[in-house]
Structure formats: structure tokens, C-alpha cells
Amino acid sequence: LWPQRFDETDLERIRTVLGTPSFTALYQQRPTALEGGMFKRHWFDLVGAAPRDAQRVRAWDKAGTEGGGDWTVGLLMARDKEGQYYIEDVVRGQYSDLQRETVIRQTADLDKERGNVTIWLEQEPGSGGKDSARITIRRLAGHTVRAERSTGDKEVRAQPFAAQCEALNVKLCRGQWNAALIDE
């Protein structure tokens, strides 16, 4: 950096006061830590598969801009009898509304091969969010589907899951999606 202005002792004191994320943003020109701020790479073991008798849920975060904008993501997670979690599959894309609904239905049909999979949808606030959830639920007739209105920001909602990851209770099942998930 600039030793004439701040020596190593001063920089360590500043890091302690600011915390590592703010310090790396202000003093290292790196607003995000290389391994991420909330999830660390070394927390995730790669495994072959989750137990067949595990409970499964596929959660969807829907977006609707084809070829750009936010991503629609559907994450399949299993929990075994010992309380260990397994991320089994991730489907993601920048789909149009119709493409997104088709992918969600196809994924639900494929998930049936894994056993009983409950599907959870994030219901955005307002009447548009309610309508979108109803449309998806209607298209998923024959599947167990729940819509839940989200409250608070995503970072706050992710903290309980991040705690399980940090405790090494979350495994990744090997798949083509692993690198994209870990990098993100």
C-alpha cells in the first residue's frame, strides 16, 4: 500500500475496526472477498448422492427476463435422518416467462424419479407476485407445491443456511452445476 502513510500496525488496527469485508473494499480495491463473504468454498464436500430415503424439497427463485437480468434458479435439497443436508441439483437460466414455467414443470416431472419432492416458490409481494405463484401452482397440478411470501432481504434469509454450511452440515452431490454454484 503506502507505508509512509500507514505501516503494517496501522493497517491491522484499521482492519480490526472496519472488519475484513470493508477493509478489502477500501484498502485492497476488492469489494468482495475472493472466496465470498457469506459462503466459503472449503465448507462444501463433494459426495456421490444423498440417501434415497431423505426428505427432498426444490425451491424456486423466479425471474423473467430472457437472455439477461436476474436468473431463475431451482435448487433441490435433501435432508437425511441424521440432519445432514445435500444439494442434489441446481437448475438455472435467464428464461422468458413461458420458458421458465416450462422448465419448472419439466424439472418437477424429472424430480418425481427421486421420490416425493415438495416444491417451494417464493411469492413476491403484491398482486403480481400472487398471480405468478398461482399460475405456477396451477401448472404443477399433481405435485406438492407451496408458495411462501418472502420477508426481509435475501442476506438475512440466507443466514440460517449459511450457519449450517459453516458447521459442515451441507454436502454437494456431484453434478455439472457444481462449479457454477461454488463460484457464485
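Fair warning: this is a prediction, and the values are worked out from it, not measured in the lab.
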Close side-chain approach of Val145 to Trp120, heavy-atom, < 4.5 Å: no
Would you indicate whether the side-chain heavy atoms of Trp60 and Val73 approach each other to under 4.5 Å? no
Side-chain H-bond candidate by donor/acceptor type, Thr72 with Gln94, under 3.5 Å: no
Does the side chain of Asp109 come under 3.5 Å of the side chain of His143 through a donor N or O and an acceptor N or O? yes
Decide whether Phe161 and Trp71 are clustered together by the hydrophobic rule: side chain heavy atoms of Ile, Leu, Val, Met, Phe, Trp, Tyr closer than 4.5 Å, transitively. yes
Can you confirm whether Val57 sits close enough to Val117 that some side-chain heavy atom of one is under 4.5 Å from a side-chain heavy atom of the other? no
Decide whether Ile135 and Ile104 are clustered together by the hydrophobic rule: side chain heavy atoms of Ile, Leu, Val, Met, Phe, Trp, Tyr closer than 4.5 Å, transitively. no
Between Cys173 and Tyr86 the two heavy atoms that sit nearest each other are SG-CB, 4.0 Å
Can you tell me how far CG of Leu121 sits from CG of Asp61, rounded to the nearest 0.5 angstrom? 10.5 Å
Can you measure from CZ (Arg79) to CD (Gln84) and round to the nearest 0.5 angstrom? 11.5 Å
Using a strict cut-off of less than 4.0 Å between a Lys/Arg side-chain nitrogen and an Asp/Glu carboxylate oxygen, indicate whether Glu88 and Arg174 qualify as a salt bridge. no
Atom CD of residue position Gln159 - does it have more than 12 heavy atoms of other residues, nucleotides or ligands inside 6.0 Å? yes
Determine whether Met77 and Asp89 make a side-chain contact, defined as any pair of heavy atoms from C-beta on separated by less than 4.5 Å. no
Hey, any chance Val91 and Leu172 share a hydrophobic cluster, counting ILVMFWY side chains that come within less than 4.5 Å of each other, even indirectly? no
Considering only heavy atoms from C-beta outward, does the side chain of Leu76 approach that of Arg56 to under 4.5 Å? yes
Residues His42 and Leu168: closest non-hydrogen pair is O-CD2, 4.3 Å
Leu181 versus Asn178: any side-chain heavy-atom pair under 4.5 Å? no
Set out, in order, the CA-CA distance, both residues' side-chain angles and the distance that settles side-chain contact (heavy atoms from CB on, under 4.5 Å) for Glu66 and Gln99, then state yes or no. CA-CA 9 Å; Glu66 183 177 4; Gln99 287 173 326; 3.6 Å; yes
Lys/Arg-Asp/Glu bridge criterion (N-O < 4.0 Å) met for Asp183, Arg41: yes
Could you go step by step and tell me if Glu122 and Arg157 meet the salt bridge (Lys or Arg N to Asp or Glu O under 4.0 Å) rule? CA-CA 12 Å; Glu122 177 185 22; Arg157 294 192 318 260; 3.2 Å; yes
Any heavy-atom pair between the side chains of Arg100 and Ser132 that's under 4.5 Å? yes
Nearest heavy-atom contact between Asp7 and Asp10 is OD1-N, 2.8 Å
Common cluster, Ile182/Phe39, ILVMFWY with side-chain heavy-atom separation under 4.5 Å: yes
Applying side-chain contact (heavy atoms from CB on, under 4.5 Å), run through Arg114 and Arg52 and close with a yes or a no. CA-CA 7 Å; Arg114 298 176 191 261; Arg52 182 83 178 138; 4.3 Å; yes
Lys/Arg N to Asp/Glu carboxylate O, Lys81 vs Asp53, below 4.0 Å: yes
Salt bridge (Lys or Arg N to Asp or Glu O under 4.0 Å) evaluation trace for Glu101 with Lys62: CA-CA 9 Å; Glu101 295 302 318; Lys62 301 190 307 182; 3.6 Å; yes
Rounded to the nearest 0.5 Å, what separation is found between the OG1 atom of Thr136 and the CD atom of Gln123? 10.5 Å
Are Trp177 and Leu46 connected in the hydrophobic side-chain network, where two residues link if heavy atoms are under 4.5 Å apart? yes
Hey, is Lys40 close enough to Glu166 for a salt bridge, meaning N to O under 4.0 Å? no
Would you sort out whether Tyr85 and Asp80 count as a side-chain contact (heavy atoms from CB on, under 4.5 Å), showing the intermediate values? CA-CA 7 Å; Tyr85 296 92; Asp80 68 16; over 6 Å; no
Taking side chain as C-beta onward, heavy atoms only, is Thr144 less than 4.5 Å from Ile119? no
